[in-house]
There are 2 protein chains.
Amino acid sequence: MTAPAPARPRARRGEGDRLREDILAAAERLLLDTGRESALSVRAIADAVGVSPPSIYLHFADRDELVLAVCERHFQAFEECLLAAIQGVADPVQRIRRMSEAYIRFGLEHPEPYRIMFMGSPVDGAEEFSQEKLAAACGFDHVLAAVQEAIDAGRFRIDDAFLGATLLWSTVHGVTSLLIAKPWFPWPEPEVHLAAALDLCERGLLRLDQPQKPEKAKKTTKAKRP
Amino acid sequence: MTAPAPARPRARRGEGDRLREDILAAAERLLLDTGRESALSVRAIADAVGVSPPSIYLHFADRDELVLAVCERHFQAFEECLLAAIQGVADPVQRIRRMSEAYIRFGLEHPEPYRIMFMGSPVDGAEEFSQEKLAAACGFDHVLAAVQEAIDAGRFRIDDAFLGATLLWSTVHGVTSLLIAKPWFPWPEPEVHLAAALDLCERGLLRLDQPQKPEKAKKTTKAKRP
DNA sequence: TGTACATCAGTGAACGCGCGTTCACTGATGTAC
DNA sequence: TGTACATCAGTGAACGCGCGTTCACTGATGTAC
């Protein structure tokens with residue numbers, strides 16, 4: 001499983017920085033392969049690159065800095081993926097759907113990065129991953145903009161765009177993270193699941209002809225199902 | 001932070017099993033205090049109980065068995081908490097609300113157990129925490145029953161109770177787990193957040209007078225907001 | 001009532017392991033004179 | 001064109017640490033005779 005060591009040739013004079021890239025790439029691959037952040041040990045990464053452990057310290061102050069750099073890459077990749085999904089889509093509600101689909105897809109394709117970014121402990125590196133960075137990575141600002149646009153166009157019931165974006169994020173994250181955390185649960189097919197979740201967001205569960213405060217009128221109208 | 005050692009008196013002849021309980025209790029407290037599963041080392045637990053590390057092995061085969069036992073306790077506590085919340089509530093939609101509120105409350109009050117139970121890696125102890133146990137713990141069956149009841153009463157748009165219960169779980173888990181994972185994000189107040197999420201589930205985002213497939217009619221009707 | 005003995009509830013010391021990190025070094029390579 | 005030298009890109013060996021786990025043991029206590 002852990003390849004012994006490919007033995008990396010020494011870089012030429014001015015090209016020392018290439019090792020930094022190689023380390024990050026190896027760490028990224030290691031994370032995807034093993035699926036556990038704990039697999040990112042300095043020794044394992046050095047092995048994967050084909051270099052001795054102390055070499056890591058030529059480019060990173062300590063292990064934390066390395067892991068943060070790996071995460072930062074994933075954050076960027078995530079944001080790019082989301083942005084690509086809404087390229088040229090004018091309709092705000094449609095943009096929200098596209099971003100949500102891209103969000104889940106990214107999460108399922110990169111479960112470990114997703115886990116570290118959005119399901120990990122807030123303690124490690126909380127300072128580094130500031131609110132703005134996180135908001136950017138998960139496309140929050142773009143969802144917020146789309147929600148505001150939909151509200152302005154009179155498409156949404158709610159009038160608080162920030163709350164709406166938060167709810168959408170919660171919903172999509174809920175589906176994504178449960179699929180990642182409990183893969184053996186008998187979930188619906190991912191597409192069905194996501195489509196249903198988005199439909200839930202858009203249209204809700206209750207019948208349109210029902211009273212909206214059900215506790216006031218218990219089981220009075222037994223509407224027959226279509 | 002880590003209290004050195006309270007020094008536990010040796011149990012009397014037939015009461016060896018009391019140590020097992022003490023170990024579990026100490027581990028539970030340790031988990032709540034530190035907020036990290038990695039804090040549950042055999043040595044740390046032994047220290048907290050006031051006993052030597054090998055004593056742990058009188059009652060647990062290895063560390064994994066211990067951690068699983070701790071989790072099992074939390075699973076039970078969670079289920080009891082959810083059941084208590086719907087005690088005597090007849091209306092199914094109301095039951096769903098009550099369970100959701102209890103779910104989030106439990107999650108926020110016991111973030112680390114919640115993290116381990118529902119946000120952790122599926123690898124460790126996946127066999128032990130079978131689908132049925134998980135479903136029981138998170139009250140899935142009770143939500144499922146409530147959804148089915150609501151469907152039978154003609155209260156819900158959907159007709160697939162399992163899908164509905166899954167969506168509710170996803171939604172509530174989404175809010176809970178994001179609050180736990182990203183506590184420094186400028187979330188709405190938890191009650192507002194949850195209420196909005198449940199309202200979202202029930203009634204959706206879109207205006208009721210809007211076409212349901214917005215991609216077919218882009219920005220045609222600029223309904224003015226109330 | 002006295003005593004030998006089995007059992008119970010633990011303990012002390014040590015094992016091997018992988019970890020992050022440090023330190024003094026090495027050998028190739030470009031550059032100044 | 002030749003050579004001394006600074007610099008660059010790393011390496012080998014070792015440090016101390018905390019971990020899970022094992023092993024032989026100890027001392028109190030109940031029980032059989």
Side-chain angles (χ1 to χ4, degrees), chain A residues 1-27 30-31 33-34 36-71 123-125, chain B residues 1-27 30-31 33-34 36-71 123-125:
Chain A
M1 189 156 281
T2 42
R8 189 188 117 105
R10 180 176 295 233
R12 269 185 289 177
R13 199 56 178 253
E15 305 178 349
D17 278 351
R18 264 187 35 213
L19 179 55
R20 189 190 152 92
E21 287 307 305
D22 289 2
I23 290 171
L24 285 175
L30 207 59
L31 191 61
D33 287 356
T34 65
R36 335 199 91 258
E37 188 204 331
S38 62
L40 288 188
S41 78
V42 173
R43 282 172 158 88
I45 294 170
D47 264 16
V49 179
V51 114
S52 73
S55 302
I56 303 292
Y57 294 90
L58 297 173
H59 297 281
F60 301 93
D62 50 26
R63 193 195 99 106
D64 283 357
E65 194 177 302
L66 204 175
V67 173
L68 280 175
V70 175
C71 286
V123 212
D124 17 329
Chain B
M1 189 158 280
T2 42
R8 189 188 117 105
R10 180 175 296 230
R12 269 185 291 177
R13 196 56 177 250
E15 305 179 350
D17 278 353
R18 262 188 36 213
L19 178 55
R20 189 190 152 90
E21 288 308 304
D22 289 1
I23 291 170
L24 285 176
L30 206 60
L31 190 62
D33 287 356
T34 66
R36 334 199 92 259
E37 187 205 331
S38 61
L40 289 187
S41 78
V42 173
R43 283 172 157 90
I45 295 169
D47 264 15
V49 179
V51 111
S52 73
S55 302
I56 303 291
Y57 294 90
L58 297 173
H59 296 280
F60 300 94
D62 50 24
R63 193 194 99 107
D64 283 357
E65 195 177 300
L66 203 174
V67 173
L68 280 175
V70 175
C71 286
V123 213
D124 16 330

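Numbers restart at 1 for each chain; the letters A, B, ... are given by sequence-line order, proteins then strands.
Rounding to whole angstrom units, CD of residue B:Glu15 and C1' of C:dC8 are separated by 12 Å. Note: CG (B:Asp17) to C1' (C:dT7) measures 15 Å, nearest angstrom. Rounding to whole angstrom units, CG of residue A:Asp47 and P of D:dG12 are separated by 12 Å. The distance from atom CZ of B:Arg18 to atom P of C:dC8 is 17 Å, rounded to the nearest whole Å. Remark: P of C:dG10 and CG of B:Leu19 are 5 Å apart, rounded to the nearest angstrom. The nearest whole Å value for the distance from the CZ atom in A:Arg12 to the C1' atom in D:dA9 is 14 Å.
Evaluation of the side chain to side chain donor-acceptor pair (under 3.5 Å) rule for A:Ser52 yields A:Ser55 as partners, not counting sequence neighbours. With sequence neighbours left out, B:Arg13 forms a salt bridge (charged side-chain N to carboxylate O under 4.0 Å, His left out) with no residue at all.
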Would you list the protein and nucleotides 31-33 of chain C atom pairs, both N or O, that sit under 3.5 Å from each other?
none

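The minimum heavy-atom distance between A:Val49 and A:Ala26, with the atom names listed, is CG2-CB, 3.5 Å. Taking every heavy atom of both residues into account, A:Pro53 and A:Val42 meet most closely at O-CG1, 4.0 Å. Between B:Ile23 and B:Ile45 the shortest heavy-atom distance is CG2-CG2, 3.8 Å. Here the closest non-hydrogen pair linking B:Ala69 and B:Leu24 is CB-CD2, 3.7 Å.
When each of D:dG10, C:dT11, D:dA6 is scored by its nearest atom to the side-chain atoms of A:Arg13, the top-ranked nucleotide is D:dA6.
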Expected list for residues 57-66 of chain A: side-chain donor-acceptor pairs under 3.5 angstrom, two or more places apart:
residue: A:His59; atom: NE2; partner: A:Gly16; partner atom: O; Å: 3.3
residue: A:Asp62; atom: OD1; partner: A:Asp64; partner atom: N; Å: 3.4
residue: A:Asp62; atom: OD1; partner: A:Glu65; partner atom: N; Å: 3.1
residue: A:Arg63; atom: NH1; partner: A:Leu40; partner atom: O; Å: 2.6
residue: A:Arg63; atom: NH2; partner: A:Glu37; partner atom: OE2; Å: 3.3

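Taking 4.5 Å as the limit, some side-chain heavy atom of A:Leu19 sits within range of a side-chain heavy atom of A:Arg8.
Between atom CD1 of residue A:Ile56 and atom OG of residue A:Ser41 there is a gap of 9.5 Å, rounded to the nearest 0.5 Å.
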*asked:* Strictly under 4.0 angstrom, non-hydrogen atoms only: write out the protein contact profile of nucleotides 18-27 of chain C, one letter per nucleotide from the 5' end, B, S or -.
replied: -BBBBB---B
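B:Arg8 comes within 4.0 angstrom of the backbone, heavy atoms only, and of no base.
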*If pairs are Watson-Crick or G-U with both distances under 3.5 Å, what is the dot-bracket string of DNA chain C, marking crossing pairs with [ ] and pairs to another strand with |?*
.||||||||||||||||||||||||||||||||
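A salt bridge is defined here as a Lys NZ or Arg NE, NH1 or NH2 lying under 4.0 Å from an Asp or Glu carboxylate O, and A:Arg18 with A:Glu21 fails to meet this definition.
Residue A:Ser55 places at least one side-chain N or O closer than 4.0 Å to OP1 or OP2 of D:dT11.
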